[in-house]
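One structure is given below, encoded as structure tokens.
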Amino acid sequence: MKIGFIGLGRMGAAMAANLVRAGHDVTVFNRSLEKRRALLELGAREAGSVADACHGEVIITMLADDTALADVALAKHGIVESLARGAIHLSMSTISVALSKKLSEAHAHAGQRFVAAPVFGRPDSAAAAKLFIVAAGDPAALAACQPLLDALGSKTLAIGTQPSAANLVKLSGNFLLAAAIEALGEAIALVDKAGIDRRAYVEVLSSTIFPAPVYKTYGGLIAEGSFQPAAFAAPLGFKDIRLALQAAESLRVPMPLASLLHDRFLRLLAQGGDSLDWSAIGGLAAQDAGAARTAGADGAKRSRAVGDERAQDR
Ligand code: NAP
């Protein structure tokens, strides 16, 4: 298919590359020019502007947040002004329910179609084309996008015809992930302070009563104290909790746990955590317990203390 792709960040660069590899005719645009180079070498075409990227059947956006997507979609010479009638905006960023509704209306008014398809999975899953995609929109538009979604993920789950439903499901999922990260951080701090090996503890849990990727992946990161480089940056995680709370407020749904997570992120960012992975909120409980550690030095010290040979091998 002839498509455009806007937003070549940690996720978008890997996703656009998979679309090129799958044989699609991809024109890429990114605000910072240097991020386009790798895609052009792979065979993508270069767009000099947002409007230039909008000449295909579908324009995909994978941008940081509401501000970025609103700038690109709704501004003068943006996507809504530039896309042909009948063409589709496939929005894959994690954005607010409110912006998703606004974009649905703007595209409908311009005779275009809007599909929301936010994703679960970090940049390594994006690179491996193993994202889980939650999609919503007009069924015919969704069907037209399916070959693209198949090149990006291992599963697409359709959640209805209102695009904003997919955005709300994504936000609720990230709320659950952040809650699991906070809970893991507290539990790991508890056993660690008692002298129990953190890695062995995560292995016990994730191979028995919690055999889910979230416990394995984030439990491992918290046990290692390994929060850099960020695969999903803490400010973006904070954004998602704020957007979940905004949706909760507008639907009048109290979410006390989400409010707590909001303050955990605020604490992390107030202490200079902008460049850390969002899982770094799972390291705060250890700090509160006076047992904060750094990954490398502590890994060696800890492994000597408890005779963990696996850790010494790293
Ligand atoms: P990222 O690495 O920070 O990339 C953000 C992208 O947005 C870059 O292309 C950036 O352009 C662009 N951008 C930011 N502000 C802009 C603006 N005002 N105007 C134009 N472009 C702007 O973020 P990411 O990790 O790829 O995440 C992208 C989206 O996917 C987010 O909505 C995130 O919540 C979601 N997501 C991320 C993950 C993950 O694990 N990373 C997983 C699932 C979903 P520049 O290069 O010029 O800065």
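As a basis for the values below, the full set of heavy atoms in this structure was taken, side chains included, without hydrogen atoms, waters or symmetry mates. For ligands, and for the atoms within them, numbers begin at 1 and follow the listed sequence.
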Enumerated ligand 1 atoms positioned under 4.0 Å from heavy atoms of Ser93: 32 (O)

With Tyr218, the side-chain contact (heavy atoms from CB on, under 4.5 Å) member among Pro213, Ser206, Ser279: Ser279

Gln271 CD: over 12 foreign heavy atoms closer than 6.0 Å: yes

Closest to atom 13 (N) of ligand 1 among Met92, Arg31, Met15 (heavy-atom distance): Arg31

Heavy-atom nearest neighbour in the protein, as seen from atom 27 (O) of ligand 1, with distance rounded to 0.1 Å: Leu236 CD1, 3.9 Å

Sidechain N-carboxylate O distance under 4.0 Å for Arg264, Glu182: yes

Side chain to side chain donor-acceptor pair (under 3.5 Å) between Thr61 and His89, worked out: CA-CA 8 Å; Thr61 47; His89 177 184; 2.7 Å; yes

Residue selection (non-hydrogen contact nearest atom 12 (C) of ligand 1) among Leu63, Asp124, Asp65: Leu63

Working for side chain to side chain contact (heavy atoms under 4.5 Å, CB included), residues Leu19 and Ile60: CA-CA 11 Å; Leu19 291 165; Ile60 300 179; 3.6 Å; yes

Heavy-atom side-chain proximity of His262 to Arg242 below 4.5 angstrom: yes

Any donor-acceptor N or O pair under 3.5 Å, side chains Gln146, Thr156: yes

Atom 30 (O) of ligand 1: nearest protein contact (heavy atom, Å): Met62 CE, 3.0 Å

From Ala64, Ser32, Ala126 - option closest to atom 7 (O) of ligand 1 by heavy atom: Ala64

Within-cut-off N or O pair, Leu8 and ligand 1, under 3.5 Å: yes

Contact partition for Lys239 relative to ligand 1, non-hydrogen atoms under 4.0 Å: side chain

Heavy-atom nearest neighbour of atom 4 (O) of ligand 1 within options Gly9, Pro123, Ala231, Ser91: Gly9

Option with minimal heavy-atom separation from atom 43 (C) of ligand 1, where the choices are Leu243, Asp277, Val119: Val119

Contact atoms of ligand 1, heavy-atom distance to Lys35 under 4.0 Å: 45 (P), 46 (O), 48 (O)

Heavy-atom gap Gly121 to ligand 1 smaller than 4.0 Å: yes

Shortest protein contact, atom 2 (O) of ligand 1 (heavy atom only): Arg10 N, 2.8 Å

Output field: ring centroids Phe120/Phe132 closer than 6.0 Å: no

Ligand 1 versus Ala233: contacting region, heavy-atom distance under 4.0 Å: neither

For ligand 1, the portion of Asp71 having any non-hydrogen atom under 4.0 Å away: side chain

Nearest-neighbour protein heavy atom for atom 35 (C) of ligand 1, which is reported as residue plus atom name and distance: Thr94 OG1, 3.5 Å

Nearest option to atom 11 (O) of ligand 1, as decided by whichever heavy atom of Asp66, Ile6, Thr67, Asn30 sits closest: Asn30

Sub-3.5 Å N/O-N/O distance, Met11 and ligand 1: yes

